[in-house]
*Asks:* 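Quick one: structure below, then a few questions.
Positions are given from 1, in the same order as the sequence printed here. Every heavy atom of this structure was used, including side-chain atoms; hydrogens, water molecules and symmetry mates were not.
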Amino acid sequence: MWFWFSIIALVCWSGSDLFSKIGCQHEDDKLSHLKMTMAVGLVMGLHAAWEIFIGGVEISWQIIWTYLPVSLLYIVSMVIGYAGLRYIELSISSPICNASGALVVILALFTAGMNEIAPAQLIATAVVCIGTIGLGVVEAREDDALRAARQEKGNRRYAKSWLALGLPVMYALLDAAGTYADARVLETLNEDSANVAYELTFLAAGLVCFVYVVLIRRSRLIPRREGPKYLGAVCETAGQLAYIYALADTAHVALSVSIIGAYCVVSVLWSWLFLKERLSWKHYLMIGLVAAGIVVLGVYDA
């Protein structure tokens with residue numbers, strides 16, 4: 001079953017990328033990232049309730065407070081990532097965001113030293129960094145006429161913007177910090193309890209966003225626009241569940257992580273098929289480097 005859980009996680013997380021992009025891309029809705037947070041908070045809150053009352057997962061205020069710094073790093077990174085989807089193609093944003101694994105290796109290198117880092121991890125980290133930086137350089141230096149030509153069939157037009165590149169990079173930095181802190185905190189917490197604490201914190205963030213967006217700013221919730229957000233939230237939560245079940249088969253962890261780690265490549269495919277995004281060969285070359293490095297890092301992380 002590990003293989004099918006890995007495929008489910010890959011499809012769900014890439015689906016989350018796609019539906020989140022569809023739900024957050026409207027230029028006339030400056031609060032779409034907060035509405036996306038509301039959707040994810042609701043779905044995760046429902047799953048947390050299932051885990052507590054049906055699954056019997058232990059949860060307490062102490063566990064929530066202990067895991068709170070990690071939860072906040074993850075949540076803030078996701079909100080920033082959702083905001084960034086208004087300014088850049090998903091085909092570019094997703095690989096940059098998923099470069100966070102390479103940043104975790106760099107953090108470990110500075111804190112643990114070279115002894116705990118395998119040579120293949122260092123090479124893969126370098127490849128991811130080269131691909132990510134190269135992707136940014138290609139995007140920033142692309143000729144305006146060529147950009148307009150390749151975006152002709154797409155459903156959106158994107159101009160050059162440092163904000164467009166900066167927000168996915170900020171996501172990667174915060175997500176890497178969250179992953180690094182996660183590994184330390186989980187030495188003292190049960191994984192299921194920590195996950196429920198994270199989901200309850202996301203629920204609280206969603207409620208705060210609801211108060212601000214709906215009650216204070218009086219922003220309308222249009223079903224046609226909100227639907228994709230909730231599909232993305234379901235995919236995000238389902239992908240997390242499948243990921244946990246896939247890694248439960250310890251004999252095939254390396255294979256599972258290598259499959260799941262390639263989900264940003266599938267996100268690029270969905271972008272090409274459904275969003276009609278078209279990039280240059282230079283973009284795709286850099287994306288290929290990032291994806292290859294992520295897969296190698298995923299195997300060694302397992």
Side-chain angles (χ1 to χ4, degrees), residues 9 12-13 16-17 20 33-34 36-37 39-41 43-45 47-48 59 62-85 93-112 116-117 121 124-125 128-129 132 166-206 208-209 232-233 235-237 239-244 247 257 260-261 263-264 267 290 293-294 297-298 300-302:
C12 285
W13 275 347
S16 176
D17 274 357
S20 298
H33 57 297
L34 300 182
M36 186 71 212
T37 305
V40 177
V43 175
M44 286 196 174
H47 180 253
I59 191 66
Q62 182 180 355
I63 294 173
I64 293 173
W65 285 115
T66 300
Y67 201 69
L68 184 62
V70 179
S71 296
L72 291 178
L73 284 169
Y74 283 144
I75 293 169
V76 172
S77 70
M78 291 181 70
V79 175
I80 289 173
Y82 295 144
L85 292 174
S93 174
S94 185
I96 293 176
C97 290
N98 280 278
S100 59
L103 297 177
V104 174
V105 173
I106 294 174
L107 281 172
L109 182 63
F110 280 107
T111 57
E116 294 190 15
I117 309 298
Q121 287 178 292
T125 300
V128 172
C129 291
T132 304
L167 291 175
V169 170
M170 288 176 62
Y171 170 96
L173 290 170
L174 289 172
D175 186 69
T179 302
Y180 185 79
D182 203 0
R184 271 59 188 170
V185 174
L186 286 179
E187 293 176 357
T188 60
L189 288 181
N190 173 270
E191 289 187 357
D192 291 331
S193 296
N195 187 57
V196 168
Y198 166 65
E199 292 182 327
L200 291 175
T201 305
F202 219 126
L203 173 62
V208 170
C209 290
C235 285
E236 178 68 29
T237 306
Q240 180 67 24
L241 262 181
Y243 175 80
I244 292 171
L247 266 60
V257 174
I260 298 169
Y263 83 86
C264 68
S267 296
V290 174
I294 288 171
L297 288 173
Y300 274 87
D301 181 60

*Asks:* Going by the rule side-chain contact (heavy atoms from CB on, under 4.5 Å), which residues pair with Ser100 if we only count those two or more places apart in sequence or in a different chain?
*Replies:*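 Residues passing side-chain contact (heavy atoms from CB on, under 4.5 Å) with Ser100: Ala172, Asp175, Ala176.
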*Asks:* Taking all atoms of both residues into account, what is the closest heavy-atom pair of Ile80 and Leu167, and its distance?
*Replies:*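 So the two residues come closest at CG2-O, 3.4 Å.
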*Asks:* Can you tell if the side chain of Ser16 reaches within under 4.5 Å of the side chain of Cys12, non-hydrogen atoms only?
*Replies:*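 A side-chain contact is absent here, since even the closest heavy-atom pair is not under 4.5 Å.
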*Asks:* Measuring from atom SG of Cys129 to atom CG of Leu103, what distance do you get when rounded to the nearest 0.5 angstrom?
*Replies:*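 It is 6.5 Å, given to the nearest 0.5 Å.
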*Asks:* State, with a plain yes or no, whether a side-chain heavy atom of Val196 is found less than 4.5 Å away from one of Asp192.
*Replies:*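 When only atoms from C-beta onward are counted, Asp192 and Val196 do not touch, as no gap falls below 4.5 Å.
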*Asks:* Using 0.5 Å steps for rounding, measure from the SG atom of Cys264 to the CG atom of Asp17.
*Replies:*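 Answer for the SG-CG pair, Cys264 versus Asp17, is 8.5 Å.
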*Asks:* Under a 4.5 Å cut-off applied to non-hydrogen side-chain atoms, are Pro95 and Thr132 in contact?
*Replies:*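 When only atoms from C-beta onward are counted, Thr132 and Pro95 do not touch, as no gap falls below 4.5 Å.
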*Asks:* Evaluate side-chain contact (heavy atoms from CB on, under 4.5 Å) for Thr179 paired with Tyr74, printing each intermediate quantity in order.
*Replies:* CA-CA 8 Å; Thr179 302; Tyr74 283 144; 3.7 Å; yes
*Asks:* If every non-hydrogen atom of Leu189 is compared with every non-hydrogen atom of Thr66, which pair is closest and at what distance?
*Replies:*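 Where Leu189 meets Thr66 most closely, the heavy atoms are CD1-CG2, 4.0 Å.
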*Asks:* Parallel under 30°, tilted from 30 to 60°, perpendicular over 60°: which one fits the rings of Tyr67 and Tyr198?
*Replies:*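 The rings of Tyr67 and Tyr198 stand perpendicular, inter-plane angle above 60°.
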*Asks:* Can you see which heavy atom on Ser193 is nearest to which on Ile59, and at what distance?
*Replies:*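 Of all heavy-atom pairs spanning Ser193 and Ile59, the closest is O-CD1, 3.7 Å.
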*Asks:* Ignoring hydrogens, what is the shortest heavy-atom contact between Gly232 and Ser20? Give both atom names and the distance.
*Replies:*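 What the structure gives for the nearest pair is CA-OG, 4.4 Å.
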*Asks:* Under 3.5 Å, is there a donor-acceptor pair between the Tyr263 and Asn98 side chains?
*Replies:*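 There is such a pair between these side chains.
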*Asks:* Determine, stepwise, if the pair Leu241 / His47 fulfils side-chain contact (heavy atoms from CB on, under 4.5 Å).
*Replies:* CA-CA 10 Å; Leu241 262 181; His47 180 253; 3.5 Å; yes
*Asks:* Give, for atom CG of Leu73 and atom OH of Tyr180, the distance between the pair rounded to the nearest 0.5 Å.
*Replies:*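 Separation between the atoms: 13.0 Å.
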*Asks:* Please lay out, stage by stage, how Glu236 and Met44 fare under the test side-chain contact (heavy atoms from CB on, under 4.5 Å).
*Replies:* CA-CA 9 Å; Glu236 178 68 29; Met44 286 196 174; 4.1 Å; yes
*Asks:* Tell me, do Arg184 and Val70 make a side-chain contact under 4.5 Å, heavy atoms counted?
*Replies:*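 Result no, sub-4.5 Å side-chain heavy-atom pair not found.
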*Asks:* Treating Thr188 as the side-chain partner and Val185 as the backbone partner, does any N or O pair qualify as donor plus acceptor under 3.5 Å?
*Replies:*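 Here the side-chain-to-backbone pair exists.
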*Asks:* What's the spacing between Tyr82 OH and His33 NE2 if we round to 0.5 Å?
*Replies:*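 Those atoms lie 12.0 Å apart.
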*Asks:* Side-chain contact test, heavy atoms from C-beta onward, threshold under 4.5 Å: evaluate it for Asn195 versus Gln240 and give yes or no.
*Replies:*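 In contact.
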*Asks:* Verify side-chain contact (heavy atoms from CB on, under 4.5 Å) between Phe202 and Thr37, making sure each step is shown before the conclusion.
*Replies:* CA-CA 8 Å; Phe202 219 126; Thr37 305; 3.7 Å; yes
